[in-house]
2 protein chains.
Amino acid sequence: MTKLTVKAIASHFNVSVSTVSKAIHDSHEISDELKRNIREYAKLNNYKPNRVALNLFNRNTKTIGVVIPNILNYFFVQVLYGIEKIADQRGYSIIICSTNESIEKEIKVLDFLSSGTVDGVIISTVLGETGLTDSNEHFSALLDRQIPMVMFDRVIEFIKCDKVMVDDFEAGYLATKYFLGTGCKIVAIINPLGNSYIGRLRIEGYKKALCENGIGPNDKLIVTISYQDDLELTIHSLLDFDKIDGILIFDELTLVKIMDIVQSKGYQIPKDISFIGFTNGELSKYVTPSATTVSQHGKFIGESSADKLIDRIEEECDTCNFETRIIKTSLIARESTLKPKEYGKA
Amino acid sequence: MTKLTVKAIASHFNVSVSTVSKAIHDSHEISDELKRNIREYAKLNNYKPNRVALNLFNRNTKTIGVVIPNILNYFFVQVLYGIEKIADQRGYSIIICSTNESIEKEIKVLDFLSSGTVDGVIISTVLGETGLTDSNEHFSALLDRQIPMVMFDRVIEFIKCDKVMVDDFEAGYLATKYFLGTGCKIVAIINPLGNSYIGRLRIEGYKKALCENGIGPNDKLIVTISYQDDLELTIHSLLDFDKIDGILIFDELTLVKIMDIVQSKGYQIPKDISFIGFTNGELSKYVTPSATTVSQHGKFIGESSADKLIDRIEEECDTCNFETRIIKTSLIARESTLKPKEYGKA
DNA sequence: CTGTTAGCGCATTCAT
DNA sequence: ATGAATGCGCTAACAG
């Protein structure tokens with residue numbers, strides 16, 4: 001049986017399509033009997049209005065596009081979870097596109113999403129060379145078409161749209177202070193986030209904390225790595241360089257891998273080296289020793305982004321004052337760091 | 001600037017819409033000059049054909065719906081990753097719906113997906129009471145509309161459609177044999193999969209292995225748990241019941257949590273109790289001790305499902321001989337089990 | 001070479 | 001109370 005349409009129903013009852021349409025919408029313009037017959041018939045053959053035709057007619061799709069760099073990253077999955085929750089509540093579906101950290105894929109995906117398939121998009125961008133302004137014109141395509149967009153986490157500073165991010169500066173600052181508060185002297189950073197805005201903010205927070213404690217930041221202690229890098233090598237030369245006793249790592253999986261390597265080299269955690277990571281996921285909880293992490297509240301970021309986007313989609317007046325929401329992080333203390341010393345005591 | 005349409009371009013050049021359409025499609029019917037002008041103008045104002053209109057016209061959407069019970073479960077994310085990869089390669093987008101293990105949500109989502117938004121769906125069903133035939137009529141809605149569907153992992157036995165699953169019987173069998181081969185005598189099962197088909201298959205495999213070794217299965221050793229259950233209590237009464245030295249757990253996160261509890265009770269893994277889990281994810285790798293698991297090759301399941309679905313969508317003749325693909329599992333041996341004893345040696 | 005017409009499936013305004 | 005006509009944005013068959 002081919003898909004049932006209003007036209008088919010109409011010809012079955014020898015009436016016009018508009019009569020059928022009205023009957024199905026329970027219009028009072030239609031006689032009760034005919035209405036009942038039509039609706040019964042429709043139900044029986046489980047008629048469903050074609051969504052695509054409705055979308056065309058209504059000039060909206062009630063779906064939002066979500067673009068993330070890596071679906072295997074737990075942080076993004078948490079965000080997805082939050083987005084899905086709100087979207088569902090507010091009657092939207094989500095179409096998910098993974099860019100796999102490829103700028104080409106990001107361009108391709110944004111091109112697709114700007115062709116009318118979605119009412120708005122939520123995006124966390126790939127790690128790229130920033131500063132290259134021309135590499136960001138794929139966002140204007142969306143914006144020019146008046147398609148609302150909210151960026152989260154990995155946002156691009158100078159793009160004008162709503163944003164939801166964490167207080168990364170403060171996160172870097174507090175994590176570093178926490179290290180120092182437990183007696184660490186030489187704190188290093190491992191940054192798998194390239195030259196991204198959020199990475200830079202975290203590093204600035206780190207530097208501020210060091211300065212406040214009279215420690216001059218040493219750029220050799222900040223190592224930026226990429227996906228292909230050999231972690232074993234990286235960590236080896238870092239530990240050779242200085243007597244490091246604290247490492248702040250910007251990504252959960254990298255944290256766990258490095259803790260694994262360091263332990264297999266014979267170091268004790270946290271006695272010899274303390275660790276703090278980001279993204280408070282299951283891994284951080286169940287690794288041994290369990291990892292102290294900065295929770296970015298991924299689910300909440302997702303909820304907030306989705307709410308903001310749908311507000312923007314549905315608002316009548318488009319007053320273009322964009323908002324940047326800053327979500328507070330929290331530090332979850334576990335066993336990969338020492339206990340904070342109590343100051344002010346002799 | 002409002003969205004550019006063929007009509008707008010047409011009126012700008014004082015030609016008809018079909019001329020514009022042809023020009024944009026580089027038809028040889030249009031004079032080179034006009035064509036050049038139109039195409040230039042289109043590019044300049046970055047015209048993009050409205051996808052929704054095209055979908056209506058073509059009677060397809062080039063997108064597939066994916067329905068999973070829980071997006072926070074790493075196994076499903078792996079599958080998603082595989083699906084996305086193939087979909088992208090073959091020119092499809094995916095729209096993801098999470099049912100959060102709720103049958104109501106599953107019904108709602110399937111209803112949505114059967115309204116023309118997608119060309120086909122890939123689904124892993126919620127854990128439900130099986131046997132209740134009437135609770136499964138929401139699938140017929142899809143099938144009646146000739147919308148291709150492939151079920152993966154948590155499939156429903158008697159629904160007629162393509163399926164991709166793992167050899168769960170063999171997985172249960174081999175895992176149990178592995179336990180016995182390392183000297184375990186009393187092997188228990190913790191099953192968070194309710195009365196699902198795949199759970200039953202794994203248990204049957206387990207029983208077969210026991211029988212082959214002259215051990216009569218004891219149903220008290222098979223405990224089915226649900227999300228709300230208190231794991232601490234569960235494991236407590238299980239360990240009280242008998243001197244268990246091996247536990248097979250059907251889910252990665254549950255495995256890790258239970259290993260955590262058991263260790264905090266003072267048991268040594270694997271000396272006192274051995275563990276084998278399912279879903280070979282990062283958690284199993286980095287937990288301490290690292291966990292022996294049955295790898296279900298989630299990514300491959302996703303790839304296979306997507307390929308099968310798209311084949312089905314695009315095939316001309318709909319010969320209705322449905323296929324059930326069985327993917328082989330592999331057992332990844334790690335530190336949560338003892339070393340297999342070598343038989344045949346004195 | 002270019003335009004007219006029709007239709008994808010539906011809802012809505014305006015006649016009757 | 002019912003139907004005809006129009007349009008959402010696009011393409012394609014058929015005229016001219």
Side-chain angles (χ1 to χ4, degrees), chain A residues 1-39 41-42 45-63 112 114-119 145-147, chain B residues 1-39 41-42 45-63 112 114-119 145-147:
Chain A
M1 167 226 312
T2 174
K3 270 164 217 164
L4 194 57
T5 67
V6 276
K7 191 198 276 184
I9 301 181
S11 77
H12 178 264
F13 284 95
N14 268 322
V15 295
S16 77
V17 288
S18 58
T19 303
V20 174
S21 177
K22 284 172 187 165
I24 284 172
H25 287 270
D26 203 10
S27 162
H28 56 273
E29 291 183 22
I30 307 296
S31 74
D32 282 351
E33 191 185 333
L34 182 56
K35 211 156 69 176
R36 205 175 38 248
N37 286 336
I38 290 181
R39 309 193 82 199
Y41 181 82
N45 299 75
N46 66 80
Y47 164 77
K48 246 167 231 152
N50 182 324
R51 204 87 189 190
V52 177
L54 285 178
N55 290 346
L56 184 58
F57 183 79
N58 296 325
R59 256 93 113 260
N60 69 29
T61 60
K62 287 286 184 181
T63 90
F112 168 75
S114 65
S115 65
T117 31
V118 297
D119 296 345
R145 285 159 187 283
Q146 328 257 70
I147 300 179
Chain B
M1 164 230 309
T2 174
K3 270 163 217 165
L4 193 57
T5 67
V6 276
K7 191 197 275 184
I9 302 182
S11 78
H12 177 265
F13 283 96
N14 268 324
V15 295
S16 78
V17 289
S18 60
T19 303
V20 174
S21 177
K22 284 173 188 164
I24 284 172
H25 287 271
D26 203 10
S27 162
H28 55 273
E29 292 183 22
I30 307 296
S31 74
D32 282 350
E33 191 184 334
L34 182 55
K35 211 156 69 176
R36 205 175 38 249
N37 286 336
I38 290 181
R39 308 192 81 198
Y41 181 82
N45 300 75
N46 65 80
Y47 164 77
K48 245 166 232 154
N50 181 324
R51 204 87 191 190
V52 177
L54 284 178
N55 290 346
L56 184 59
F57 183 79
N58 296 325
R59 256 93 116 258
N60 69 29
T61 61
K62 287 285 183 183
T63 91
F112 167 74
S114 65
S115 65
T117 31
V118 298
D119 296 345
R145 285 158 189 285
Q146 328 257 70
I147 299 179

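Here is how names work: the chains are called A, B, and so on, in the same order as the sequence lines, proteins then strands, and each is numbered from 1.
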Return the value, rounded to whole Å, for the distance between atom [atom1] of [X] and atom [atom2] of [N].
{"X": "B:Arg59", "N": "D:dC10", "atom1": "CZ", "atom2": "P", "answer": "18 Å"}
{"X": "B:Ile9", "N": "D:dG9", "atom1": "CD1", "atom2": "C1'", "answer": "12 Å"}
{"X": "B:Asp26", "N": "D:dA12", "atom1": "CG", "atom2": "C1'", "answer": "17 Å"}
{"X": "A:Asp32", "N": "D:dA1", "atom1": "CG", "atom2": "P", "answer": "9 Å"}
{"X": "A:Asn55", "N": "D:dC10", "atom1": "CG", "atom2": "C1'", "answer": "15 Å"}
{"X": "A:Lys35", "N": "D:dA1", "atom1": "NZ", "atom2": "P", "answer": "9 Å"}
{"X": "A:Lys3", "N": "C:dG9", "atom1": "NZ", "atom2": "P", "answer": "9 Å"}

Original post:
In chain order, what residues pass the side-chain contact (heavy atoms from CB on, under 4.5 Å) check against B:Lys35, with sequence neighbours excluded?
Top reply: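 By the side-chain contact (heavy atoms from CB on, under 4.5 Å) rule, B:Lys35 matches B:Ala23, B:Asp26, B:Ile30, B:Asp32, B:Arg39.
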
Subject >> Presence of A:Ser31 side-chain N/O under 4.0 Å of D:dA1 phosphate oxygens OP1/OP2 >> reply: no

Original post:
Does D:dG9 have OP1 or OP2 sitting under 4.0 Å from an N or O in the side chain of B:Arg51?
Top reply: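 Negative; the distance criterion is not met.
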
Original post:
When the aromatic ring centroids of A:Phe13 and A:Tyr41 are compared, is their separation below 6.0 Å?
Top reply: yes

**OP:** Have a look at A:Val52 and say if it touches a base, only the backbone sugar-phosphate, or nothing, with a 4.0 Å heavy-atom cut-off.
**Re:** nothing

Subject >> Axial bend angle, the helix from C:dC1-D:dG16 to C:dT16-D:dA1: five-pair end segments, nearest 10° >> reply: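 Terminal axis comparison yields 60°.
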
Original post:
Between B:Ile30 and B:Leu56, which has a closest nucleotide on DNA chain C that is more 5'?
Top reply: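 Result: B:Ile30.
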
Subject >> Distance in Å, A:Arg51 CZ paired with A:Asn58 CG, rounded so as to fall on 0.5 Å steps >> reply: 9.5 Å

**OP:** Working to the nearest 0.5 Å, report the span between CG of B:Asn50 and CZ of A:Arg59.
**Re:** 10.0 Å

Original post:
Is there a side-chain contact between B:Arg145 and A:Lys48, using heavy atoms and a 4.5 Å cut-off?
Top reply: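 Yes; the side chains approach each other to less than 4.5 Å.
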
**OP:** Scan nucleotides 10-16 of chain C nucleotide by nucleotide, 5' to 3', and note B when protein non-hydrogen atoms come under 4.0 Å of the base, S if they reach only the sugar-phosphate, - if neither.
**Re:** SBBBB--

Original post:
A:Val20 pairs by side chain to side chain contact (heavy atoms under 4.5 Å, CB included) with which of A:Thr5, A:Leu34, A:Val15?
Top reply: A:Val15

Original post:
So, A:Thr19 and A:Ser16: side-chain donor and acceptor under 3.5 Å apart, yes or no?
Top reply: yes

Original post:
Is there a donor in the side chain of B:Thr61 and an acceptor in the side chain of B:Asp119, or the other way round, less than 3.5 Å apart?
Top reply: yes

Subject >> Test item: B:Ser21 side-chain N/O and B:Val6 main-chain N/O as donor-acceptor pair under 3.5 Å >> reply: no

